[in-house]
Amino acid sequence: MSEESSLGHAPFSADGGRPLVAVIMGSKSDWETMKHADEVLTQFGVAHECQIVSAHRTPQWMAEFAAGAEASGLEVIIAGAGGAAHLPGMVAAQTLVPVLGVPVQSHALNGLDSLLSIVQMPGGIPVGTLAIGKAGATNAGVLAAQMLALVDNGIADRVGQYKRGLADKVEEAARTLNPNP
Ligand code: RP5
């Protein structure tokens, strides 16, 4: 998917269905990281949308998005932000839809600021926080798919295939270390 077609308020869904997952981010500059969540969800055939929702620059839009998330049928929200990364927590505060937070690697503090801003939520308002950067965005996509796989056999099959592919790569790499065991 091209950068231009993936961002903005218009929803994108991989299979044309109603989006079950929203990938939101505080700025277009977060897309380099958050595109990895988009790619994983596309690979698993999970209907999803990608949008820019800024906690600081568009707080009203963020509140509207969070308030309407459940009614619009979203089952998981993946929220990425960097620096003073308030988006995941502020969205989680305003919806019952589970929120997965991705700390974007910031320039000033390498993403430690993002991580701490996202992970240190008060009791009762959880944000499932992933790793900083690309691995976190990828894992947010995989984890969202695993959550949906609890009630969707098709997604479960595709996630299982993906995990077997990861294991195959390790075995293949091990064979290259010992070509003639
Ligand atoms: C945060 O500020 C965004 O999530 C982004 O990671 C960071 C910098 O945003 P830009 O100045 O690049 O738009 O709100």
Would you indicate whether the side-chain heavy atoms of Val23 and Gln51 approach each other to under 4.5 Å?
no

Do the non-hydrogen side-chain atoms of Arg18 and Ser72 ever get within less than 4.5 Å of each other?
no

N/O donor-acceptor pair under 3.5 Å between Asn139 side chain and Gly136 backbone:
no

Is there a continuous path of hydrophobic side-chain contacts, each under 4.5 Å between heavy atoms, that joins Leu109 to Val119?
no

Interatomic spacing from CZ in Phe44 to CG in Asp152 - rounded to 0.5 Å:
12.5 Å

Do Trp31 side-chain atoms and Ile52 backbone N/O form a donor-acceptor pair below 3.5 Å?
no

So, Asn110 side chain and Leu112 main chain: donor-acceptor pair closer than 3.5 Å or not?
no

Test salt bridge (charged side-chain N to carboxylate O under 4.0 Å, His left out) applied to Glu171 - qualifying residues, sequence neighbours left out:
none

Thinking salt bridges, do Arg175 and Glu172 make one under a 4.0 Å N-O criterion?
yes

Rounded to the nearest 0.5 Å, the CE atom of Met90 sits from the OG1 atom of Thr95 at a distance of 13.0 Å

Exam field: side chain Ser117 to backbone Gly82, donor-acceptor pair closer than 3.5 Å:
no

Rounding to 0.5 Å, atoms CD (Glu49) and CG (Asp38) come to a distance of 11.5 Å

Is there a path of hydrophobic side-chain contacts, each under 4.5 Å between heavy atoms, that joins Val40 and Ile132?
no

Are Leu150 and Val99 joined in one hydrophobic group, where the rule is that I, L, V, M, F, W and Y side chains link up if heavy atoms are under 4.5 Å apart?
no

Check the surroundings of atom CG in Asp168: do more than 12 heavy atoms from other residues, nucleotides or ligands lie under 6.0 Å from it?
yes

With a 4.5 Å limit on heavy-atom distance, are the side chains of Leu20 and Val76 in contact?
no

Would you check if Val102 and Thr33 make a side-chain contact, meaning some heavy-atom pair closer than 4.5 Å?
yes

Of all heavy-atom pairs linking Ala84 and His56, the shortest is O-CE1, 2.9 Å

Yes or no on side-chain contact (heavy atoms from CB on, under 4.5 Å) for Lys134 and Gln105, after CA distance, side-chain angles and deciding distance?
CA-CA 9 Å; Lys134 177 182 174 182; Gln105 190 157 359; over 6 Å; no

Distance (rounded to the nearest 0.5 Å) between Leu96 CG and Glu70 CD
4.5 Å

Is there a path of hydrophobic side-chain contacts, each under 4.5 Å between heavy atoms, that joins Ile77 and Leu87?
yes

Taking all heavy atoms of Met34 and all of Ala79, pick out the closest pair and write down the distance.
CE-C, 4.4 Å

Given 3.5 Å as the limit, does a donor-acceptor pair link the side chain of Arg158 with the main chain of Gln43, or not?
no

Measure across Val127 and Ala92 and return the closest heavy-atom pair with its distance rounded to 0.1 Å.
CG2-CB, 3.7 Å

Kindly indicate whether the side chain of Ile78, heavy atoms from C-beta on, has any atom under 4.5 Å from the side chain of Leu41.
yes

When you group the ILVMFWY residues by side-chain heavy-atom contacts below 4.5 Å and let the links chain together, are Val91 and Leu116 in the same group?
no

Any side-chain to backbone donor/acceptor pair from Ser106 onto Gly111? Under 3.5 Å, distance only.
yes

Separation of Asp30 CG from Ser114 OG (nearest 0.5 Å)
8.5 Å

How close do Arg164 and Asp157 get, heavy atom to heavy atom, and via which atoms?
NH2-O, 4.4 Å

Roughly how far, to the nearest 0.5 Å, is the CG atom of Leu100 from the CE atom of Met147?
5.5 Å

Can you find a heavy atom in the side chain of Lys163 that is under 4.5 Å from one in the side chain of Gln146?
yes

